[in-house]
Amino acid sequence: MSTNLTSGIIGLPMVGKTTIFNLLTNSNQETSNFLSGKTETITASAKVPDKRIDFLVEMYKPKKTTYAQIQFSEVPGLVRGASEGKGVGNQFLSAIRNADLLVHVVRAFENSEVPHVEEDINPLRDIETISYEVLLADMDLVEKRIQRIQAGKKLTKENAFELEVLKKCLAALEEESLISQLGLTEEERFTLKNYAFLTEKPIMLVVNIDEDQYRAGTYPGKSEVEKYAADKGIAVIEICGRMEMEISQLPEDDRELFMEDLGISEPGIDRLARAVYDYLA
Ligand SMILES: Nc1nc2c(ncn2[C@@H]2O[C@H](COP(=O)(O)OP(=O)(O)O)[C@@H](O)[C@H]2O)c(=O)[nH]1
Ligand SMILES: [Mg+2]
């Protein structure tokens, strides 16, 4: 089991990335209801909740308790056209090149105080927008590397093999397929190892819903999102970001009561941390 698991949080601006980052990592980063143009990648560690450990701690009261940890980094909001420099551009993606997994936060919640960069709520459209920007970032890297190899004086055997694999990747990306879907052999994947392509990484979709959607058990476009995720083999988790933030600010005793009232047995954020961990461990 790797001890240094890292995860990158991506998504459009104002979808609740920082809200979820704060919940996961117990941080207090500023959230904003306007396009802040933030240009900073924030990173912090999350403790993976584990009832078995809680139980043992309760029983043995050890001096030191070690929960599994995952590091999360939030990338400043990507927008449509980020690869061409729109918004704050896509250079911040380089901070998560080495992440083990991507957490893609998408907005379903209604909030008239928080504008949506694309005007209306449409989770599938937003998922596709971000996925496309991520894909373009990989394509850019592949193209540059192909050019570099081709510009070299002598093509070594290793380079020739790499070139062949890169061309295969490029062809896939041009058809909007992910590198992870290419079915590369172990040897081929090994050749690409140092690039750490983003479309090779596992993805977890977090749909940030509001309280009404939580109560109704659905949100606009849910069936499309689930179909998309099923087709691509991506896990989806629904989280009520703002409600969870409010719950986390209550005194401990009230927290349990509040959750019971709403019929929540476990905070969504705990489910998310564990799902990420189970995926990676
Ligand atoms: N109603 C509602 N508002 C939310 C929710 N999550 C985040 N927000 C609000 O949306 C705005 C943007 O949130 P933030 O976490 O900063 O988004 P980021 O830009 O993706 O990091 C803030 O004003 C949040 O309070 C949610 O689940 N429900
Ligand atoms: Mg943010």
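The basis for the numbers below is simple: all heavy atoms, side chains too, and nothing from hydrogens, waters or symmetry mates. Whatever order the structure lists ligands and atoms in, that order sets their numbers, starting from 1.
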Counting C-beta onward and ignoring hydrogens, is there a side-chain heavy-atom pair between [X] and [Y] closer than 4.5 Å?
{"X": "E266", "Y": "R274", "result": "yes"}
{"X": "S177", "Y": "L182", "result": "no"}
{"X": "I96", "Y": "L198", "result": "yes"}

[atom]: nearest protein contact (heavy atom, Å):
{"atom": "atom 11 (C) of ligand 1", "result": "S32 O, 3.4 Å"}
{"atom": "atom 23 (O) of ligand 1", "result": "N33 CB, 3.4 Å"}
{"atom": "atom 6 (N) of ligand 1", "result": "N208 ND2, 3.1 Å"}
{"atom": "atom 2 (C) of ligand 1", "result": "F109 CD1, 3.4 Å"}

*Which of the listed options, T19, L23, I10, V207, holds the heavy atom that is closest to atom 14 (P) of ligand 1?*
T19
State the atoms of ligand 1, each with its element, that fall below the 4.0 Å cut-off from a heavy-atom position in [X].
{"X": "G241", "answer": "27 (O)"}
{"X": "I209", "answer": "27 (O)"}
{"X": "E110", "answer": "1 (N)"}
{"X": "V15", "answer": "17 (O), 18 (P), 20 (O)"}
{"X": "N111", "answer": "1 (N), 2 (C), 3 (N)"}
{"X": "E74", "answer": "21 (O)"}

*Examine S32 and say whether one of its N/O/S atoms is closer to the Mg ion (ligand 2) than 2.8 Å.*
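Within the cut-off used here (under 2.8 Å), S32 places no N, O or S atom near the Mg ion (ligand 2).
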*Between R107 and D210, does at least one N-O distance fall below 4.0 Å, as a salt bridge requires?*
no
*Would you call K168-E164 a salt bridge at under 4.0 Å N-O?*
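Looking at E164 together with K168, the answer is no, because their closest N to O distance does not fall below 4.0 Å.
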Report yes or no: does [X] contribute a side-chain atom to a donor-acceptor pair with the main-chain N or O of [Y] at less than 3.5 Å?
{"X": "R271", "Y": "I239", "value": "no"}
{"X": "E133", "Y": "G81", "value": "yes"}
{"X": "N208", "Y": "V15", "value": "yes"}
{"X": "Q213", "Y": "A108", "value": "yes"}

*Apply the test side chain to side chain contact (heavy atoms under 4.5 Å, CB included) to residues L93 and L78: give CA-CA distance (whole Å), side-chain angles for both, the deciding distance (0.1 Å), then the verdict.*
CA-CA 9 Å; L93 284 174; L78 291 167; 4.1 Å; yes
State whether the shortest distance between N or O atoms of [X] and N or O atoms of ligand 1 falls below 3.5 angstrom.
{"X": "G16", "value": "yes"}
{"X": "E30", "value": "no"}
{"X": "M14", "value": "yes"}
{"X": "T18", "value": "yes"}
{"X": "C240", "value": "no"}

*Report the name of the N/O/S atom of E74 located nearest to the Mg ion (ligand 2).*
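Atom name returned: OE2.
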